[in-house]
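Some notes on the structure that comes next.
Treat the numbers as computed from the prediction; the structure is a model and nothing was measured. So that the names make sense, note that chain A is the first sequence line, chain B the second, and so on, each numbered from 1.
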2 protein chains.
Amino acid sequence: MRINYKLKRLFIRQTLSLNEEIKIEGAQASYLVHVLRMKEGAEILLFNGQDGEWLAKLIIVKKKFVVVKLIHQERLQTTHSNLIYCFAPLKHARLDYMVQKAVEMGASILQPVITHHTQVTRINMARMEANVIEASEQCGILSLPECVSALSLAELLARWDETQSLFFCDEEHKSPNPLPSFKKRNVTTPGVLIGPEGGFSEEERSFLKKHPFVVPMSLGPRILRADTAAVAALALLNATVGDWSMD
Amino acid sequence: MRINYKLKRLFIRQTLSLNEEIKIEGAQASYLVHVLRMKEGAEILLFNGQDGEWLAKLIIVKKKFVVVKLIHQERLQTTHSNLIYCFAPLKHARLDYMVQKAVEMGASILQPVITHHTQVTRINMARMEANVIEASEQCGILSLPECVSALSLAELLARWDETQSLFFCDEEHKSPNPLPSFKKRNVTTPGVLIGPEGGFSEEERSFLKKHPFVVPMSLGPRILRADTAAVAALALLNATVGDWSMD
């Protein structure tokens with residue numbers, strides 16, 4: 001079923017079923033009432049990551065809360081994509097942005113990785129999850145990507161499922177063309193690894209290349225910021241072996 | 001020749017040649033002296049869009065200006081890419097971001113296009129050019145992309161070189177896979193057209209499709225923000241027919 005572009009979508013941590021009445025409070029209620037100025041009778045979409053997407057009608061609108069009634073199921077629950085997005089965390093707003101983009105681009109697991117040149121070591125997981133929810137509401141997915149705890153690069157590689165390819169964006173890779181990297185790879189649960197601003201160290205690059213499941217790829221002749229590289233790499237992965245490639 | 005990742009690069013509107021001494025004033029001097037705290041003897045890279053890239057040594061450092069001497073040419077001048085980036089302008093910070101990303105992704109012409117759902121009609125060209133310069137300094141290119149005046153969608157299509165493909169990101173396109181759109185196209189000077197938040201109107205979509213040079217393409221099953229779509233579309237274009245595809 002198609003995504004409805006017109007209605008506001010909200011993620012909610014409650015069971016969703018026909019005719020159920022649900023009280024929405026806090027920031028979500030405030031957003032509906034004070035920002036969007038919604039009245040009784042207005043419609044929104046709700047999803048909880050499990051019960052698909054539901055059309056809901058506002059039946060009570062107060063200053064501090066709203067009650068909605070579930071009218072019908074718009075879309076059935078879909079399963080997660082299987083795309084592990086491994087990234088050296090950036091600072092503050094740029095991390096927010098990077099997380100939002102990864103969600104839009106179909107990541108199912110967001111895996112922070114601490115590398116030699118990573119500038120951030122403590123990650124605000126609550127903020128990361130809030131960004132995941134907001135991006136999920138906006139981009140139309142029904143399963144929330146999972147934010148997992150940071151690993152060192154060595155831990156990531158030690159725990160990696162060796163049957164699955166991990167594509168890593170290597171600024172020093174000889175061929176500028178990334179597309180051949182995606183050919184004949186095992187990619188039921190592929191990963192993309194994006195380094196920090198400043199790239200991987202020499203030591204890290206040779207350590208990465210010792211692992212047969214690691215596939216180096218280039219992203220052209222220009223220096224890309226880490227968040228640009230993330231979107232570019234995920235676009236290529238999606239278009240070659242991911243969920244954009246299925247006709 | 002490779003990009004030197006370590007040195008600060010500055011764009012400067014002066015002729016560059018061996019042993020020349022150049023006075024740097026204003027914001028650029030302030031940045032070198034007060035932000036980077038550079039001293040006499042420090043090295044930077046200079047480019048002007050015409051004379052390649054030069055290694056320069058700071059020989060005088062004052063509070064309000066710096067004098068550098070050109071030591072040798074690091075890279076020869078390269079020619080522009082031929083990629084026309086047509087985009088419905090976004091507001092403020094998101095336009096800055098979109099412009100920066102387009103430069104990193106190799107656009108040679110930045111063409112704002114006013115569509116039905118475009119929220120911005122007046123564009124601050126000086127701000128757009130400042131963003132182009134900053135992104136060019138950062139991403140290592142030697143030719144500055146050109147910012148041109150906004151056109152309506154009808155004007156853009158009327159003036160388009162009909163021998164060149166214009167790829168347009170069509171949310172309603174049936175196949176989710178964008179890669180086939182790039183096959184067997186005339187792409188010596190291709191264009192990418194990114195619509196506004198809210199997409200193109202029905203009328204615009206059918207108007208676009210009447211033009212044989214317009215190639216609709218999808219960017220998968222999720223709703224992408226306009227700036228995400230821009231990077232994704234440019235990544236695919238670069239990897240298939242642009243400057244990432246050359247081995």
Side-chain angles (χ1 to χ4, degrees), chain A residues 2-6 9 78 81 93-94 97 100-107 135-142 171-172 174-182 197-199 217-225 227-240 242-247, chain B residues 2-6 9 78 81 93-94 97 100-107 135-142 171-172 174-182 197-199 217-225 227-240 242-247:
Chain A
R2 295 194 59 82
I3 298 172
N4 185 325
Y5 291 86
K6 311 292 178 199
R9 297 174 83 242
T78 51
S81 66
R94 305 207 43 223
Y97 195 91
Q100 291 159 17
K101 294 300 167 223
V103 174
E104 286 177 59
M105 297 303 289
S136 299
E137 290 175 342
Q138 181 268 324
C139 79
I141 54 173
L142 297 180
E171 287 168 342
E172 312 272 323
K174 279 182 208 108
S175 157
N177 187 352
L179 287 182
S181 305
F182 296 105
E197 307 278 294
M217 60 182 241
S218 161
L219 291 172
R222 287 169 294 279
I223 301 172
L224 302 186
R225 283 183 183 271
D227 48 355
T228 316
V231 175
L234 292 169
L236 297 172
L237 188 89
N238 281 334
T240 50
D243 69 1
W244 300 4
S245 67
M246 289 166 240
D247 275 321
Chain B
R2 295 196 59 82
I3 298 172
N4 186 323
Y5 291 84
K6 310 292 177 198
R9 296 175 83 242
T78 51
S81 66
R94 304 207 41 223
Y97 196 90
Q100 291 160 17
K101 295 300 168 224
V103 173
E104 287 178 58
M105 298 302 289
S136 299
E137 289 175 343
Q138 181 268 321
C139 78
I141 54 174
L142 297 180
E171 287 169 343
E172 312 272 322
K174 279 180 208 112
S175 157
N177 187 351
L179 287 182
S181 304
F182 295 105
E197 308 278 293
M217 60 181 241
S218 161
L219 291 172
R222 288 169 294 278
I223 302 171
L224 302 186
R225 284 183 182 272
D227 48 354
T228 317
V231 176
L234 291 170
L236 297 172
L237 188 89
N238 281 334
T240 52
D243 68 1
W244 300 2
S245 67
M246 289 165 240
D247 274 320

Exercise for review: Measure the spacing between CZ of R225(B) and OH of Y97(A) and express it to the nearest 0.5 Å.
Suggested key: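 One gets 8.5 Å once the value is rounded to the nearest 0.5 Å.
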Check your understanding: So how far is it from E104(B) CD to D227(A) CG, rounded to the nearest 0.5 Å?
Key ->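 Result: 7.0 Å between the selected atoms.
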Review point. Does the pair L224(A) and M105(B) meet the rule for a side chain to side chain contact (heavy atoms under 4.5 Å, CB included), with working shown?
Key: CA-CA 8 Å; L224(A) 302 186; M105(B) 298 302 289; 4.2 Å; yes
Exercise for review: Flag the pair D243(B) / R222(A) as yes when at least one side-chain heavy-atom distance between them is below 4.5 Å, and no otherwise.
Suggested key: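 Yes - at least one pair of side-chain heavy atoms lies under 4.5 Å apart.
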Exercise for review: Answer yes or no: is there a side-chain heavy-atom contact under 4.5 Å between T228(A) and Q100(B)?
Suggested key: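 They are not in side-chain contact.
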Practice item. State, to 0.1 Å, how close A239(A) and L236(B) come at their nearest heavy-atom pair, and which atoms those are. Key: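 For A239(A) and L236(B), the tightest heavy-atom pair comes out as CB-CD2, 3.6 Å.
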Check your understanding: Looking at A232(A) and W244(B), what are the two nearest heavy atoms and their distance?
Key ->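 Distance-wise, the nearest heavy atoms are CB-CH2, 4.0 Å.
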